[in-house]
Amino acid sequence: MSVRAGIVVTGTEVLTGRIADRNGPWLSHQLLTLGVDVAHITICGDRPADLIAQLRFLADQGVDLIVTSGGLGPTADDLTVATVAEFCNRELLLDPELEEHIAGVIRRYRPHTPDLDAGPTRIGIRKQAQVPTGATALPPTGTAPGVVIPAVTGDRPIPTIVILPGPPGELQAMWPRAVTSPAVADVLSQADDLQQETVRAYGLHEAQLAETLRRAEAEIADLDRLEITTCLRHGELDMVTRFASGDADLYRRLLGVLTEHHGRRIFSTDGSTIEDQLVDVLDGRSIATAESCTGGLIAARLTARPGSSAYVMGGVVSYSNDAKSDLIGVPAEMIAAHDAVSEQVAAAMAEGARRRLKADVAVSTTGIAGPGGGTDTKPVGKVCFGVAIDGRPTYTITRHFPGDRERVRTLTTTAALHLVVAQLERG
């Protein structure tokens with residue numbers, strides 16, 4: 001990779017887990033699309049010494065670009081600009097035009113601020129309007145401006161540093177101005193045309209994929225030019241490959257080996273998710289859910305996709321036996337005869353949800369997520385599924401999933417989506 005970058009996410013609230021980091025992954029994706037390989041994402045609290053340590057680490061790794069997020073506000077703990085300026089041996093100077101720009105933003109959104117011209121608010125504005133010498137200020141998309149500091153060569157070089165605000169909306173809105181600034185544009189001009197491809201498999205174990213990759217290494221010369229990472233997520237195995245555009249043929253050969261050995265288990269070679277594929281195979285039909293052990297997780301996955309109102313009719317969380325009977329019409333005598341965790345009840349749940357919600361397709365789950373409630377005949381992890389499709393016999397199956405409550409519910413949710421797709425693909 002010709003150009004490498006590091007990302008430093010600042011904020012004690014992120015470090016301690018009070019809020020999740022959204023900026024690091026977003027920036028990493030944006031840099032990849034520009035041909036930049038992200039070598040490190042680090043998180044540090046609002047302590048100048050720790051931030052300097054992160055900057056020194058990344059500079060010593062030889063990255064060409066550092067991007068920071070957070071610490072640009074008017075309060076005492078917002079010290080990113082001053083700390084980065086110290087690291088770069090640059091003096092901070094007040095930018096009067098930037099000061100008035102920030103004041104104008106506050107005046108527009110908080111016109112009755114009493115101390116806008118003098119007092120704590122004006123002091124905070126002046127703090128935010130301090131810019132390191134030789135740096136470029138990026139106009140604020142909230143009230144906090146960003147900064148781009150050009151690289152310094154020498155015995156101990158310092159890469160180009162981009163300082164961005166912490167709120168994701170502000171950071172993302174500022175990003176286009178950052179990447180077109182002269183110092184960043186110069187770095188990006190040296191980047192390769194990187195590609196990233198994702199293969200998704202279901203029912204494939206990591207050890208099986210690892211063995212296939214070892215075979216591929218023996219069959220394909222220079223395969224190490226591809227950067228391959230694997231990740232088990234929600235019961236699916238993702239393989240993400242990054243490579244320079246000139247190595248696209250190497251990737252195609254690798255993909256051939258994978259599909260030869262695991263064709264039935266690879267459900268996506270273009271990065272599409274199972275939710276994407278479900279929408280395709282629905283082909284205008286509608287879907288509903290009837291969930292017991294998953295408690296609405298299937299409906300949540302379906303409705304997380306924008307535009308899902310076009311095909312999701314709704315869902316019923318029929319957790320208790322009474323709810324199964326009262327809400328979706330599962331006969332109480334069926335539950336008594338076969339138990340709530342049975343394929344008979346799963347079928348009745350799917351059929352009842354399809355009927356009540358007037359959907360073309362419905363999927364149901366009923367099982368034991370644990371940790372308690374299991375027996376010898378009904379162990380924790382046992383789940384029965386039903387898939388009801390208009391005009392066809394209802395399909396049922398029983399699966400057993402390992403792990404704790406959260407894992408069983410997650411695996412069940414993913415399995416339900418794959419079962420629906422498989423049944424719809426049967427025609």
Side-chain angles (χ1 to χ4, degrees), residues 5-32 38-59 61 63 65-88 92 98 101-103 105-106 109-110 113 115 119-132 135 137-149 159 161-179 231 233 300 304 406:
I7 297 169
V8 183
V9 177
T10 71
T12 301
E13 68 279 9
V14 183
L15 184 66
T16 58
R18 293 202 304 273
I19 66 171
D21 171 31
R22 292 169 53 194
N23 291 334
W26 189 88
L27 288 167
S28 180
H29 177 73
Q30 298 304 312
L31 288 166
L32 178 65
V38 175
H40 302 276
I41 299 178
T42 66
I43 300 175
C44 70
D46 297 306
R47 294 179 289 269
D50 292 341
L51 176 54
I52 286 178
Q54 299 295 331
L55 295 170
R56 173 50 54 202
F57 165 75
L58 291 173
Q61 296 303 303
V63 300
L65 180 68
I66 296 174
V67 183
T68 75
S69 75
L72 304 190
T75 58
D77 61 333
D78 291 310
L79 297 169
T80 300
V81 173
T83 303
V84 175
E86 177 186 343
F87 175 74
C88 295
L92 280 177
L98 184 58
H101 182 97
I102 298 169
V105 171
I106 297 175
Y109 291 104
R110 302 203 308 267
T113 302
D115 58 345
T121 297
R122 175 56 65 163
I123 292 172
I125 291 170
R126 287 183 178 144
K127 175 180 178 294
Q128 291 181 292
Q130 300 281 332
V131 180
L138 302 173
T141 52
T143 61
V147 176
V148 175
I149 303 178
I161 301 178
V162 180
I163 305 172
L164 299 175
E170 294 182 27
L171 178 145
Q172 293 173 22
M174 190 178 289
W175 181 246
R177 295 291 294 269
V179 297
C231 175
R233 190 171 62 95
E406 180 181 2

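- Using modelled atom types, no side-chain atom of T10 and backbone atom of G45 make a donor-acceptor pair closer than 3.5 Å.
- Evaluation of the salt bridge (Lys or Arg N to Asp or Glu O under 4.0 Å) rule for R47 yields D50 as partners, not counting sequence neighbours.
- Residues L58 and P159 form no side-chain contact, since every pair of their non-hydrogen atoms from C-beta on lies 4.5 Å or further apart.
- L164 has its side chain within reach of L138: a pair of non-hydrogen atoms, C-beta onward, lies under 4.5 Å apart.
- Taking both residues in full, the closest heavy atoms of V63 and A39 are given as CG1-CB, 4.5 Å, listed atom of the first, atom of the second, then distance.
- To the nearest 0.5 angstrom, S69 atom OG is 11.5 Å from E170 atom CD.
- Closest of all the heavy-atom pairs between P120 and D115 is CD-OD2, 3.1 Å.
- With sequence neighbours excluded, the residues satisfying side-chain hydrogen bond (donor to acceptor under 3.5 Å, both in side chains) with R56 are D60.
- Put simply, the side chain of Y109 does not reach to within 4.5 Å of the side chain of T143, judged on heavy atoms.
- A144 and M174 get closest at one heavy-atom pair: O-CE, 3.5 Å.
- Among residues two or more places apart in sequence or in another chain, the side chain to side chain contact (heavy atoms under 4.5 Å, CB included) test is passed with P145 by L98, I102, Q128, P140.
- Open room surrounds CZ on R22; 12 or fewer heavy atoms of other groups in view lie less than 6.0 Å from it.
- Sequence neighbours left out, not one pair with a member in residues 68-84 passes salt bridge (charged side-chain N to carboxylate O under 4.0 Å, His left out).
- Distance alone, capped at 3.5 Å, is enough to place a donor-acceptor pair between the T80 side chain and the G70 backbone.
- To the nearest 0.5 angstrom, T68 atom OG1 is 8.0 Å from I161 atom CD1.
- Under the rule for a side-chain hydrogen bond (donor to acceptor under 3.5 Å, both in side chains), the partners of Q54 that lie at least two apart in sequence or sit in another chain are T42.
- The distance from the CD1 atom of I43 to the CG atom of L15 is 7.0 Å, given to the nearest 0.5 Å.
- With rounding to the nearest 0.5 angstrom, the OG atom of S28 is 12.0 Å from the CG atom of N23.
- Shown here are the ring-ring contact (aromatic ring centres under 6.0 Å, His included) partners of H40, two or more places apart in sequence or in another chain: F57.
- Side-chain contact between L72 and V147 is absent, with no heavy-atom pair separated by less than 4.5 Å.
- Side-chain contact check for L31 versus L65: some heavy-atom pair is nearer than 4.5 Å.
- Annotation: side chain of P132 is in contact with side chain of V81 (closest heavy-atom distance under 4.5 Å).
- In this structure, CD1 on I41 lies 7.0 Å from CG on D21, to the nearest 0.5 angstrom.
- With values rounded to the nearest 0.5 angstrom, D46 atom CG is found 6.0 Å from E13 atom CD.
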>> As a quick check of understanding, evaluate side chain to side chain contact (heavy atoms under 4.5 Å, CB included) for L27 and V38, giving each step before the final call.
In response: CA-CA 9 Å; L27 288 167; V38 175; over 6 Å; no
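- Remark: side-chain polar atoms of K127 are not paired, donor with acceptor, to backbone N or O of L79 under 3.5 angstrom.
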